[in-house]
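Side chains are part of it too, since the values below use all heavy atoms of this structure and drop only hydrogens, waters and symmetry mates. Reminder, nothing fancy here: chain letters follow the sequence lines and each chain counts from 1. Remember, it's a predicted structure, so these values are computed and weren't measured experimentally.
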Amino acid sequence: MVEQICFNTVLLDSAKEIFSTMVFMDLVEITEPDVKIDRALLGSITFKGGLEGCLGICCDVQCARAIAVNMLGMDSDSELTEEGTCDAIGEIVNMIMGGVKSRILKDVGNLEVSIPSVVSGNNLNSLEHKSIRVTIPINIDDKYAAELSLLYRESI
Amino acid sequence: MSKSLMIVDDSATMRKIIMRTVRMSGLEFERTEEAGNGAEAIEKLKTAPVDLVLCDVNMPEMSGLEMVKKIRTELKICEGTKIIMVSTESSQELIDGVIADGANGFITKPFTPEKFQEKLTPFMN
Ligand SMILES: [Mg+2]
């Protein structure tokens with residue numbers, strides 16, 4: 001069953017839905033990525049059940065701030081704190097995961113998800129090999145290069 | 001009669017978004033409270049009960065599901081309080097479970113002001 005799921009579509013559709021309904025920003029997949037993300041923030045959430053793995057969104061600090069500002073409907077980012085930015089990215093990844101979950105529910109059953117965490121850098125190294133990774137370079141509002149990623153394996 | 005509301009979510013961003021969406025839905029509350037998890041919500045509800053609680057599911061310390069169970073079956077407080085879950089969770093099993101435990105409704109994230117209006121209006125009288 002898992003082989004038949006197009007995780008690329010599932011991930012992208014979920015992210016697009018969240019960005020259009022909760023962030024009010026435009027998200028598109030880009031085919032020729034120029035993803036050099038400096039001062040990156042990585043929001044990630046782990047899941048277990050019929051599948052286990054990690055879903056993340058990685059973008060630079062400026063992009064993260066723009067996302068937070070839009071989500072909160074603020075006029076500018078002058079009052080946005082670092083904590084507020086991280087919290088917004090955590091909630092983005094939480095909602096994208098929710099969308100992925102509901103889209104694959106009938107194929108893999110319910111997944112239990114963690115509390116999202118936001119760090120700078122990469123924290124995926126605790127997952128072993130045999131994991132399948134989907135990464136989608138994206139562009140937000142025609143302005144920010146960012147990346148969606150999904151790392152998963154069938155649980156044994 | 002004016003109503004009171006509590007928003008329970010571990011994300012401060014989400015609490016703000018929910019508050020804004022409530023306002024956009026045209027519903028008015030005379031008093032609004034916030035809590036970052038189920039345990040904090042229960043502590044606040046003990047001293048200052050509210051009419052309506054909008055509660056996340058996935059939270060550290062005490063999840064929304066645990067909170068509903070505790071309020072409805074263990075503590076048996078806030079009997080007049082309606083609890084509406086607001087979550088990215090959307091499995092029917094989970095929704096049925098928490099309703100059986102005593103929650104009064106379920107709104108899935110992402111949501112719209114229209115959804116809030118539809119789900120909350122029945123509890124405004
Ligand atoms: Mg939460």
Side-chain angles (χ1 to χ4, degrees), chain A residues 13-25 43 45-47 49-50 55 64-65 67-74 79-118, chain B residues 7-25 34-40 54-67 85-100 106-119:
Chain A
D13 284 354
S14 175
K16 280 184 170 179
E17 182 191 25
I18 300 306
F19 270 77
S20 70
T21 56
M22 304 296 290
V23 195
F24 312 105
M25 288 171 99
I45 191 161
T46 56
F47 53 91
L55 184 152
R65 289 178 71 83
I67 289 172
V69 162
N70 262 52
M71 276 175 88
L72 293 165
M74 298 165 93
E79 278 171 32
L80 185 69
T81 60
E82 200 185 316
E83 198 190 343
T85 308
C86 288
D87 187 77
I89 296 304
E91 204 46 38
I92 285 285
V93 85
N94 185 35
M95 287 190 288
I96 295 176
M97 183 70 230
V100 167
K101 249 179 84 164
S102 65
R103 282 168 173 83
I104 62 176
L105 181 74
K106 64 175 185 340
D107 293 310
V108 302
N110 200 24
L111 299 176
E112 196 184 312
V113 301
S114 70
I115 304 294
S117 76
V118 179
Chain B
I7 297 171
V8 190
D9 200 302
D10 55 321
S11 161
T13 306
M14 191 43 71
R15 293 199 297 269
K16 280 185 201 149
I17 293 172
I18 291 174
M19 186 61 81
R20 191 182 62 194
T21 312
V22 165
R23 249 184 272 120
M24 285 165 74
S25 73
E34 287 187 23
N37 62 62
E40 199 187 315
L54 293 174
C55 184
D56 184 23
V57 169
N58 195 11
M59 294 182 289
E61 276 182 69
M62 187 190 286
S63 77
L65 306 181
E66 291 169 296
M67 188 201 86
M85 311 311 289
V86 182
S87 175
T88 57
E89 298 280 346
S90 57
S91 93
Q92 199 54 47
E93 206 182 314
L94 185 135
I95 297 175
D96 293 345
V98 70
I99 299 282
F106 206 102
I107 296 173
T108 49
K109 295 175 190 167
F111 44 69
T112 58
E114 292 74 30
K115 185 103 251 153
F116 269 56
Q117 200 190 36
E118 176 199 324
K119 298 275 183 170

Check your understanding: Within the side chain of A:Asn94, is there an N or O that forms a donor-acceptor pair under 3.5 Å with the backbone of B:Thr88?
Key ->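 No.
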
Return the [atom1] to [atom2] distance between [X] and [Y], rounded to the nearest 0.5 Å.
X       : Y        : atom1 : atom2 : value
B:Glu89 : A:Leu105 : CD    : CG    : 10.0 Å
A:Met95 : B:Ser87  : CE    : OG    : 11.5 Å
B:Asn58 : A:Met97  : CG    : CE    : 10.5 Å

Review point. Can you name the side chain to side chain contact (heavy atoms under 4.5 Å, CB included) partners of A:Glu79, sequence neighbours left out?
Key: A:Met74

**Study point:** Which residues share a side chain to side chain contact (heavy atoms under 4.5 Å, CB included) with B:Asp96, sequence neighbours left out
**Key:**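 Listed in chain order: B:Gln92.
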
Check your understanding: Mind checking whether A:Ile115 and B:Asp10 have side chains closer than 4.5 Å, heavy atoms only?
Key -> yes

**Study point:** Residue-level contacts of residues 83-90 of chain A with chain B, using a heavy-atom cutoff under 4.5 Å
**Key:**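 Listed by number, the contacting residues are A:Gly84, A:Asp87, A:Ala88.
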
Exercise for review: Return the minimal non-hydrogen interatomic distance between A:Thr21 and B:Pro110, and the atom names on each side.
Suggested key: OG1-CB, 3.1 Å

Check your understanding: What part of A:Leu72 is in contact with chain B, defined as an atom under 4.5 angstrom from a non-hydrogen atom: side chain, backbone, both or neither?
Key -> both

Practice item. Give a yes or no on whether A:Glu112 atom CD has more than 12 heavy-atom contacts from other residues, nucleotides or ligands under 6.0 Å away. Key: no

Point to revise | Close approach to chain A in residues 12-22 of chain B, criterion heavy atom under 4.5 Å | key: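 Those residues of residues 12-22 of chain B which have a heavy atom under 4.5 Å from chain A are B:Ala12, B:Thr13, B:Met14, B:Lys16, B:Ile17, B:Arg20.
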
